[in-house]
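Just follow the structure's listing: the first ligand is 1, and inside any ligand the first atom is 1. The first residue in the sequence is number 1, and the count goes up from there.
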Amino acid sequence: MKPTKVHVVPHMHWDREWYFSTEESRILLVNNMEEIMERLENDETYLYYVLDGQTAILEDYFAVKPENKQRVKDLVQQGKLIIGPWYSQTDEMVVGAESIVRNLLYGFKDCAEFGEVMKIGYLPDSFGQSAQMPQILNGFDITRSIFWRGVSERKGTNKTEFNWKSDEGSEVLVQLFPLGYAIGKYLPLEKEALKKRMDKYLPVLDRGATTDHIILPNGHDQMPIQQNIFEVMDALKELYPERDFFISKYENVFDELEKNENLDTISGEFLDGKYMRVHRSIFSTRMDIKALNARIESKLTNVLEPLAAIAYNLGFEYHHGLIELIWKEIMKNHAHDSIGCCCSDKVHLEVLNRFLLAEEKTDQLIRFYLRKVVDNLETTSTDDRLNLFNLMPYEREEVITTKIITKMTSFEIKDNDGNNLNFEILSQEEIDAGLIDRQIVHYGNYDPFIQYTIEFKDTVPSMGYKTYFIQEAETTATNSVKSTDKIVTEFYEITANQNGTINIVDKKLNKTFTNVLRMENGGDDGDEYDFSPLPNETLIYNDDVVANVTLTQNEFAGRISISYELNVPADLEKRKEGVRDTLVGINIELVIPNHKALIDTKITINNTACDHRLRTLIPTGIASKVSISDNQFGYIERDVYDSAMDVWEKEDWDERPDSIYPMLTYVGLCDNEHGVSVLTNSTREYEIIDADYSTIAITLFRSVGFLGKEEMLRRPGRPSGIKMPTPDSQMLGTLMIDFGITTHAGTTLEANIANVAKEYLTPVQVYNKIPHDAMKLNKEKVQTPLTYSLLSFENKDSVLSVLKKAEKEEALVVRAFNPTTTNQQLEVVSNNKISNVGLVNLNEDKQKDLEDIKIELLPNQVGSVIFSIN
Ligand SMILES: [Zn+2]
């Protein structure tokens, strides 16, 4: 039985930017919005218009036409103009959990001014769907979802309507767009053309439908309203008299679908490129931009928000407005094309600039809060100060390397009881007094200051800070740094090889890992969407290079510095000829704390070649069937080899399903006894390789010259996007990638690598107060204690996602998730009094009152609790 009810839904898909700029699309927007509103206001039969599920469109519009707010409000309240729920059309693969939550939170907030929000998780174009999306949507009371990309019947259904379930039980009803959101774009009035189009599409819609209802979305990218839609619908009725065509909205379809109790239920992520492209490998395009996003997300949620929450609780203002500006800056970049980096060079400049602005806003607000707390310490001491802030919910012992500025030539660092901090001076340099405060030189004092880089190991209170004072001393501290040929720590013995790789002996596990950080270089015949190798290519490795290597160690940490040049072909032509006529400069700086199982890795790359991909390899010796990495608020297990590789050509997939996958903060391989993991603050792409799938390949960057190319090895057929040259995507120049390597007993999940990654991404913050600051602040009435701890988690099994001030009330919100395979207790304790506790959803709406902060979290479940503390 064919579905007879065809819901024609007018909409436009609004990529704010892509191969065109936001500036260009905004002009169209102002033009299109007038047409849309006029039609909705004046034509009672033109019932609905869906504004692409994102409020950034409205923000862009009102920046130009603030006088039309009332018109929009009227149309929203009449239910004609349908807005929200998102702020932007977010990516779900390389964008972090808090970003996706805020995308909805600010989307809802923006809509509140106008009226109802469309309660559908509408992401019609995102390149793959995260397994955790049902849980995030349910967190906003959304139980309906529409998307297009990533589905194939091997997930367990061949229907276009199904229930989609997250691991912890959240569920949404999905209406898939099996043919995308644009099958009804510019519908031709001419009957033959119309029939030709619909005869192609209707059978596909019919085949997947589970009810009498199907959708014909009438819109396209930046498409103006189709003026003659009613004439077209008349033609459709004549062509298909057994069907009923009518203007509708997505909600109407869901109302019908919800009556069907026999829908399939499936779970997991959707990343199959069988019927539509998902671009598995887009995760490494424009690594400079991707890495910047990773770093800003970390700073914002791991440092700024908890720090601001501490400051708020001490009596300072929580700057919601400044923080919202940062979120909106980065969420504009989280739109699928923008963060995908499948855009023009000009657009990537805008994306990069937004990230630079967001990072500067974040850095400066972090500094502001550190200063507020330290400036107002309850002490009569006028000594310079050194304050350490720990933003993890438990006490931590860390090796801290930081800078202090002083005119003293010798000094000591003491706590309030007069106890000396044991520190070493690693280096020192003079800095101009005018750089600290131009008023100093203004009054004729040109004596330079000295900036010392110091290092020490210390324990810092949970979600709090401690204070030291810097005082003149008789003797100058020195250091115990010695050259060595082997770094020896509590956990490791590490040596460096001539070829620039390292060998790690794990003393506790009694395992040896050799050739770690081997480099793999291959051609990239792909485009901004997809990596694509050259056929039958011989990969290049650093096996024969002679690297410059130095190893040093002091009381606190070992350091290894490695540099070499890898000869590579200048471009694809040279690569085909086997000529290696240019180079990639590689500098690796490793810091290995003596007391922790961590190898902190910074790789600076100087690239002079085009059309290639560079990966670093971490051999683990653990032959694996699956990898473990993270998605939003959880872990995800993926096969190291996608079995669709055997059939993709025969089945005519849109792209080759290589097991190139996204991660957010870590990836690991393990057996039952032990494991190796990579924690990332930059790149979010990995693949498990080698004959026995025992090596973690981390993409450092890839370099391509076109937005979209056709007929690629991994992606046959038409170009994605357009064939626009993008020389900036060749990534010529310098790039820094930072990540950590750790080894552990037990499996990746038993070792809770999610929390290890969180700790890695939450470095101890340091503030050095000196008598000078170019920007003056008045003294506050508030006085802050010398040491402070706001709260602690009772255990580390649930992982802090964020601590922040509540959006709508004078309270704090703590959010944590359980990335393990067993139920865990989130339990928060404090020396201060905790009161007014309640369970809230992701939109911070109260679900129920609680006695104290103690909730059970199922595997991969996130929980948020609102509370007061004083
Ligand atoms: Zn799009």
Side-chain angles (χ1 to χ4, degrees), residues 9-26 28-29 32 50-60 83-95 99-100 103 107 118 120-130 133 145-151 176-186 215 217-224 250 270-271 273 275-280 282-283 285-286 289 331-344 346-348 350-351 354 527-530 654-655 707-708 715 718-722 724 726:
V9 180
H11 80 104
M12 60 183 176
H13 178 57
W14 203 261
D15 297 315
R16 290 183 74 243
E17 57 198 7
W18 184 13
Y19 55 86
F20 48 84
S21 66
T22 296
E23 308 317 308
E24 184 178 346
S25 75
R26 196 204 299 259
L28 296 177
L29 177 66
N32 293 3
V50 179
L51 218 46
D52 200 37
Q54 50 168 333
T55 59
I57 298 180
L58 288 176
E59 203 175 74
D60 285 346
I83 59 169
W86 300 98
Y87 174 73
S88 67
Q89 274 292 329
T90 187
D91 171 81
E92 300 165 52
M93 292 293 127
V94 296
V95 169
S99 295
I100 294 182
N103 204 307
M118 177 173 79
I120 300 172
Y122 183 73
L123 293 174
D125 203 21
S126 297
F127 306 135
Q129 321 299 325
S130 167
M133 202 45 91
S145 159
I146 290 179
F147 61 85
W148 170 30
R149 298 179 193 269
V151 169
L176 189 73
F177 282 161
L179 294 160
Y181 53 83
I183 47 174
K185 67 179 177 188
Y186 309 103
I215 303 175
N218 173 225
H220 189 226
D221 306 354
Q222 276 69 31
M223 187 180 117
Y250 299 128
F270 299 109
L271 257 182
Y275 298 110
M276 60 295 275
R277 293 172 173 179
V278 290
H279 310 303
R280 251 195 234 173
I282 197 171
F283 324 119
T285 309
R286 281 300 298 253
I289 290 174
M331 291 184 322
K332 287 186 184 88
N333 284 352
H334 289 162
H336 50 285
D337 297 310
S338 311
I339 195 65
C341 298
C342 46
C343 305
S344 66
K346 206 198 261 182
V347 167
H348 287 148
E350 279 199 57
V351 170
R354 259 177 237 133
D527 55 16
E528 289 186 336
Y529 288 92
D530 283 295
D654 276 9
E655 59 184 71
L707 194 157
R715 207 192 63 214
R718 65 164 178 92
S720 285
I722 53 173
M724 174 190 267
T726 51

Between His13 atom NE2 and Asp125 atom OD2, the angle centred on the Zn ion (ligand 1) rounds (to 10°) to 100°
Looking at the Zn ion (ligand 1), is one of the N, O or S atoms of Asp337 less than 2.8 Å from it? no
Do Ser25 and Gln222 have a side chain donor and acceptor closer than 3.5 Å? no
Where does the angle between the aromatic ring planes of Tyr181 and His13 fall among parallel (under 30°), tilted (30 to 60°) and perpendicular (over 60°)? tilted
Parallel, tilted or perpendicular, as decided by the 30° and 60° cut-offs, for the rings of Tyr250 and Phe177: tilted
For a distance under 2.8 Å, tell me if Asp15 has an N/O/S atom near the Zn ion (ligand 1). yes
Could you label the plane-to-plane angle of the His220 and Tyr186 rings as parallel, tilted or perpendicular, counting under 30° as parallel and over 60° as perpendicular? perpendicular
